Amino acid sequence: MDILLFLDHTPDLSPIDLEIYKYVASHIDEVVYMRIRELAKETHSSTASILRFCRKFGCEGFSEFKIKLNIYRKALTEPVTTHAVDETSFTNFIQRSTEAFYQERMQAAVKLLAEKDLVLFIGTGSSKIIAEYGALYFSSIFSMAFHIEDPINHPVNFFNKSIAKNVCVIALSVSGENEAIINYLNHFISNDCAIISITNSEKSAIASLSDVNIPYYISTERIGDSDITSQVPALYTVEYLAKEVQKNKQAGTE
């Protein structure tokens, strides 16, 4: 599931929460004027359930939730404006990439890759372009590296477990919540494939499914339903990871 309403992350929602969310998302114009009892009636839940739902969206109560929801509703109708590239976000990321947290994740990924013979890149949308580039970049230093062209319709059942144990999947996703990627990774997990993910946050479904997650934490940008968050950190991470793998291989032959 993608980012929900006015949040910049995906909260942990129960089945009841999801039903409330679905109603709210499809009836925003009505919900901003509803009373809590009216929403509870429409969603076949209780006022207590509505309050728990509001707290998961960072609100103390239903009134605060409606205020934030109304601001979000108005933002949806505002004309789209373009912004200059914020170079500081990139320089901040480069600085963070030198810190112990990032370096530890990179080395864990390198160690995992060193044990594998085949690397598969997977991504959709703009992340698909990075996946294609990653496969090309890795193929120059790895025995075999490919990208999954169509994860939605491309089956994964051609792997048997003896082959899968020598495979590492590198999944790319800004939100870390892409349903097609999640479904695909579940198939790989059932076949004992190793998984490395490169996402904007480690608090995501794809990150939780991975053996190693490398989060880059950059400000997200959206135009309507389109995610236009920069892919520069993901690209940098792919190249950095490839060079670390190459360095590791060279050290192993000396």
Side-chain angles (χ1 to χ4, degrees), residues 1 9-10 12 93 96-124 127-128 130-135 137-139 141-148 151-152 154-218 231 233-249 251-252:
M1 184 177 294
H9 65 281
T10 302
D12 183 17
F93 163 71
R96 289 196 304 275
S97 71
T98 65
E99 297 173 356
F101 172 82
Y102 184 88
Q103 292 297 318
E104 288 171 2
R105 296 294 179 95
M106 291 297 296
Q107 292 309 312
V110 169
K111 182 179 179 181
L112 193 60
L113 284 163
E115 303 169 351
K116 308 301 177 183
D117 298 320
L118 171 64
V119 181
L120 296 177
F121 283 82
I122 183 171
T124 62
S127 293
K128 178 183 177 182
I130 306 301
E132 293 175 355
Y133 176 77
Y137 201 83
F138 263 68
S139 64
I141 60 173
F142 227 84
S143 55
M144 288 191 292
F146 305 100
H147 82 276
I148 305 298
I152 297 176
H154 195 117
V156 74
N157 54 10
F158 55 84
F159 276 114
N160 61 49
K161 288 199 174 184
S162 62
I163 296 176
K165 289 182 179 179
N166 294 316
V167 176
C168 182
V169 179
I170 298 182
L172 296 115
S173 172
V174 176
S175 69
E177 301 291 347
N178 185 282
E179 186 175 349
I181 302 297
I182 292 171
N183 291 336
Y184 217 76
L185 292 183
N186 281 323
H187 286 293
F188 279 116
I189 290 171
S190 66
N191 284 308
D192 293 330
C193 286
I195 298 172
I196 297 169
S197 61
I198 301 173
T199 59
N200 193 35
S201 170
E202 64 180 332
K203 303 295 184 183
S204 65
I206 291 175
S208 66
L209 291 173
S210 308
D211 297 288
V212 180
N213 172 249
I214 306 172
Y216 44 85
Y217 292 110
I218 193 171
Q231 289 283 358
L235 180 64
Y236 175 92
T237 301
V238 166
E239 292 193 0
Y240 194 106
L241 186 59
K243 290 175 180 177
E244 286 296 301
V245 171
Q246 183 182 38
K247 185 167 64 176
N248 182 274
K249 283 180 172 290

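Heavy-atom basis, side chains included; hydrogens, waters and symmetry copies ignored. Predicted model, so just to flag it, every value in this text is computed and none were measured.
To the nearest 0.5 Å, atoms CD (E202) and OG (S210) are separated by 11.0 Å. Distance check: S208 OG to I182 CD1 gives 7.5 Å after rounding to the nearest 0.5 Å. The distance from the CG atom of L113 to the CD1 atom of I170 is 5.0 Å, given to the nearest 0.5 Å. Here CG of D211 is found 8.0 Å from CD1 of I189. Values are rounded to the nearest 0.5 Å. Here F138 contributes atom CZ and E239 contributes atom CD; the two are 10.0 Å apart, rounded to the nearest 0.5 Å. We find the CZ-SG distance between F188 and C168 to be 10.0 Å, quoted to the nearest 0.5 Å.
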Please assess R105 against N213 for the test side chain to side chain contact (heavy atoms under 4.5 Å, CB included), listing each intermediate value before the final yes or no. CA-CA 7 Å; R105 296 294 179 95; N213 172 249; 4.0 Å; yes
When you look at K247 and E244, which way does the salt bridge (charged side-chain N to carboxylate O under 4.0 Å, His left out) test go after all the steps? CA-CA 5 Å; K247 185 167 64 176; E244 286 296 301; 3.1 Å; yes
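Taking the six-membered ring for Trp and thresholds of 30 and 60 degrees, H187 and Y184 have ring planes more than 60 degrees apart, a perpendicular arrangement. Between Y216 and F93, the two ring planes are perpendicular [angle over 60°; tilted spans 30° to 60°].
When atom types are taken as modelled, the side chain of D192 and the backbone of K165 share no donor-acceptor pair closer than 3.5 angstrom.
Contact of the T199 side chain with the E177 side chain is not registered, since no non-hydrogen atoms from C-beta on lie closer than 4.5 Å. Between M106 and L241 the shortest side-chain heavy-atom distance falls below 4.5 Å.
Scanning both residues, A109 and I214, for their nearest heavy atoms gives CB-CD1, 4.0 Å. Listed here is the closest heavy atom pair of A145 and S139: CB-N, 3.8 Å. Closest approach of R96 to Y102, counting heavy atoms only: O-CB, 3.7 Å. Scanning both residues, I206 and S197, for their nearest heavy atoms gives CG2-CB, 3.7 Å. S97 approaches Y236 most closely through the heavy-atom pair OG-OH, 3.5 Å. Residues G123 and K128 come closest through the heavy atom pair O-CB, 3.4 Å.
In the model, N178 has no side-chain atom that pairs as donor or acceptor with a side-chain atom of S173 under 3.5 Å.
Among I122, V119, L118, the one residue that satisfies the side chain to side chain contact (heavy atoms under 4.5 Å, CB included) test with F146 is L118.
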